[in-house]
There are 2 protein chains.
Amino acid sequence: MSEKVTIYDIAEKLNITAATVSRALNNNPKIKEATRELVIKTAAAMNYKQNKLALALKSGRSNNIGVIVPRIDSNFFASVIRGIEEELYPHGYQVIICQTHESIKRENENLHTLVDAQVDGIMMSVTGISDENDSAFRNVLEKNVPLIFFDRSKHIDGVSSVTINDFKGGYLATKHLIDEGCRHIAHLSGDQSLDIFKNRFLGYKQALLDNGLEFNEEYVIYVKSSVEAGKEAATALLALQTPPDAIFSSSDFAALGAIQELQNRNISIPNEFCVAGFSNEPFTKFMELSITSVDQSPLEMGKMSARVFLEQVDKTDTIKIEKKVVLAPELHIRKSSTRTNF
Amino acid sequence: MSEKVTIYDIAEKLNITAATVSRALNNNPKIKEATRELVIKTAAAMNYKQNKLALALKSGRSNNIGVIVPRIDSNFFASVIRGIEEELYPHGYQVIICQTHESIKRENENLHTLVDAQVDGIMMSVTGISDENDSAFRNVLEKNVPLIFFDRSKHIDGVSSVTINDFKGGYLATKHLIDEGCRHIAHLSGDQSLDIFKNRFLGYKQALLDNGLEFNEEYVIYVKSSVEAGKEAATALLALQTPPDAIFSSSDFAALGAIQELQNRNISIPNEFCVAGFSNEPFTKFMELSITSVDQSPLEMGKMSARVFLEQVDKTDTIKIEKKVVLAPELHIRKSSTRTNF
DNA sequence: AATAATTATGTAATCGATTACACGAAAGTA
DNA sequence: TACTTTCGTGTAATCGATTACATAATTATT
């Protein structure tokens, strides 16, 4: 019942060769129409299924693509993957997922494993901890496997990327807080080895300067993306001689933590204090005190990454294409920063 | 630079045959120690990488497993996948993900594609819309591919499953609402073709009966898992002659919608009305009015599914193993249902 | 020293599909 | 009729690794 039917079985039954069967099934124009029909009919009758592994070995293409993310159970990464899968599904690619848990070692292992498995492309969000050793990336490129960074990117020749304009995102959020009347705006940033955090920070800074506000080193705190870290940061900021009256956080989770801490101290949001986050996590709009946040359009980012991959694959691999797509961030203004509503 | 090194290249360089190289690399005991060392050293020097596709073709095992879920961008499914990936990583399996978007057609396509790609196992959460045609599942089993259902399961011979005790989850949540003094408890259920919803419903019903409360057909509403559906359901319930004083929802999203609707009508939670949800989505504990919910331990569910798979793979495939693992649900009691705190 | 037993390696088939090349048959041309 | 094209199919190599079987080389046994 479970015996596999091969083109040889079909060939034997029809008294022809496997080559003819193969050609008939692949719509090779050199095959007589009658033969083609007969083969196709017989193949269907015998429940023939092409052996993808044999095809992969012969062609060197596995029809799999690999996706590497820090972790999959975050709404952002899961949404990007959703976008990738949906865009690639009609093209017959399967998506293999790998998690790094922010470990460089794991990232390198995943890169090697994917190359060894002969995936046709790799899309990834790099892990934070900077590593001078680019050998794993180089290995990918040397094997001519298209590599695309999304969101968290690195500057490596030959690698395309799909990111959002984090500078603009930081700028928009900060400008909005200024417009709401905040004058002492603090910033929760993240791992500075990642461009995304550096750029959000720079956008924040520029918005301050463009609007005649002083940039204050003390107002910048580097945190992990967690509720707890946000609480601690808020505590630290409130202990300053001149505490801020707003926070722009590079992480929605840290923003939530800060809000919780502020509320514990009976500081009224948004009247006394405004908060804006980044990523537009689903919970930001669910909260009773909904949280203003910068949307990164993860679904679109995933689809775009997939499209960039499709453009690169099958191209004459002599010409290296390096495409940089930058998506526009979108500020979602909500209660945590809307004084005009009150 | 990117030419692939094969065992033939190594063999040629050492003036031996590929068979010897293969045996040396696979620690075959029949190989002279000196030869083995020489081969291994040379392989490393030449930067040899085993061609996984060739191995897969020869062995019939791809070292890939497939995971099919309705969608990946839900915290629950993403967490299960995380668990699967983490458990399988040390064993060298790669995880291919597929989404059905609740479409039977898509589910069947995914099943066939995965079988065609010769995955070594499939783990999935079935899609709701019931389908009498089990041929896609049968195809998987006929090909001797281990199949494991998690969370949303179906009764099919030869298929193992990892679920939680949904009956108990429904019972616990309802009992808790009763203990808080609620006497008219409504229930938001889901697609009745899925066991998970039926069982949560049955648990709810049994808790009512065990505690001398009447089961009222009018109090049961079938909703989609969305905020909007929860709002509509709450509206409908409040329009009843005797409106309920509590809701046990099979979905956290619907529970949230109901809460929002109740708050809009200035109904005080939990004093006048209690609400409990299901799934323990991250946002339930983030809310200012945190939501009581039943936890399904998705990470553990994923890991357990992976373990069941590992037990089944490599077993003499004459003996069909069918394992049913039922995890215990855990009720997380929060503000939305805790009158004693007030 | 002759034979048996053991050990290490080579030969060739296999997994299933694709495809360059060869060749016979049919059709077209002079 | 004889010769060139065209068409359809067969032959056999290939992708890269594994492995049953055969054989050569070495060691053990009497």
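Here is how names work: the chains are called A, B, and so on, in the same order as the sequence lines, proteins then strands, and each is numbered from 1. Model, not experiment: these values are computed from the prediction.
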- Message: Mind checking if A:Leu53 touches a base, just sugar-phosphate, or nothing, with heavy atoms under 4.0 Å?
- Response: nothing

### Query
Contact class for A:Lys32 (heavy atom, under 4.0 Å): base, sugar-phosphate, or nothing?
sugar-phosphate

When B:Val5 and A:Thr35 are each assigned the nearest nucleotide of DNA chain D, the 5'-most assignment goes to A:Thr35

Residues A:Gln94, B:Thr113; criterion side-chain hydrogen bond (donor to acceptor under 3.5 Å, both in side chains); working and verdict = CA-CA 9 Å; A:Gln94 309 252 76; B:Thr113 309; 5.3 Å; no

Residues A:Lys105 and A:Glu107 bridged, charged N to O under 4.0 Å: no

- [ ] Have a look at B:Leu55 and say if it touches a base, only the backbone sugar-phosphate, or nothing, with a 4.0 Å heavy-atom cut-off.
- [x] sugar-phosphate

| Do A:Lys154 and A:Met124 have side-chain heavy atoms sitting under 4.5 Å apart? | no

A:Asp151 side chain to A:Ser125 main-chain N or O, any donor-acceptor pair under 3.5 Å?
no

At a 4.0 Å cut-off to heavy atoms of chain A, the contacted part of DNA chain C spans C:dG16 to C:dA20

Check whether any side-chain heavy atom of B:Asn64 sits under 4.5 Å from a side-chain heavy atom of B:Asp120, and report yes or no.
no

Residue pair B:Ser59/B:Thr17 against DNA chain C: nearer the 5' end by closest nucleotide is B:Thr17

ask   = How is B:Lys49 classified with respect to the nucleic acid when contacts are heavy atoms under 4.0 Å: base, sugar-phosphate, or nothing?
value = sugar-phosphate

Using atom types as modelled and distance alone, determine if a side-chain donor or acceptor of B:Asn110 lies under 3.5 Å from a backbone N or O of B:Arg106.
yes

Applied to residues 135-164 of chain B, the ring-ring contact (aromatic ring centres under 6.0 Å, His included) test, sequence neighbours excluded, yields B:Phe137-B:Phe149

A:Leu14 atom CG is separated from D:dG10 atom C1', nearest whole Å, by 15 Å

So, with a heavy-atom separation below 4.0 Å from DNA chain D, the residues of residues 19-31 of chain B are B:Ala19, B:Ser22, B:Arg23, B:Asn26

Q) Under 3.5 Å, side chain of A:Ser297 to main-chain N/O of A:Glu300, donor-acceptor pair present? A) no

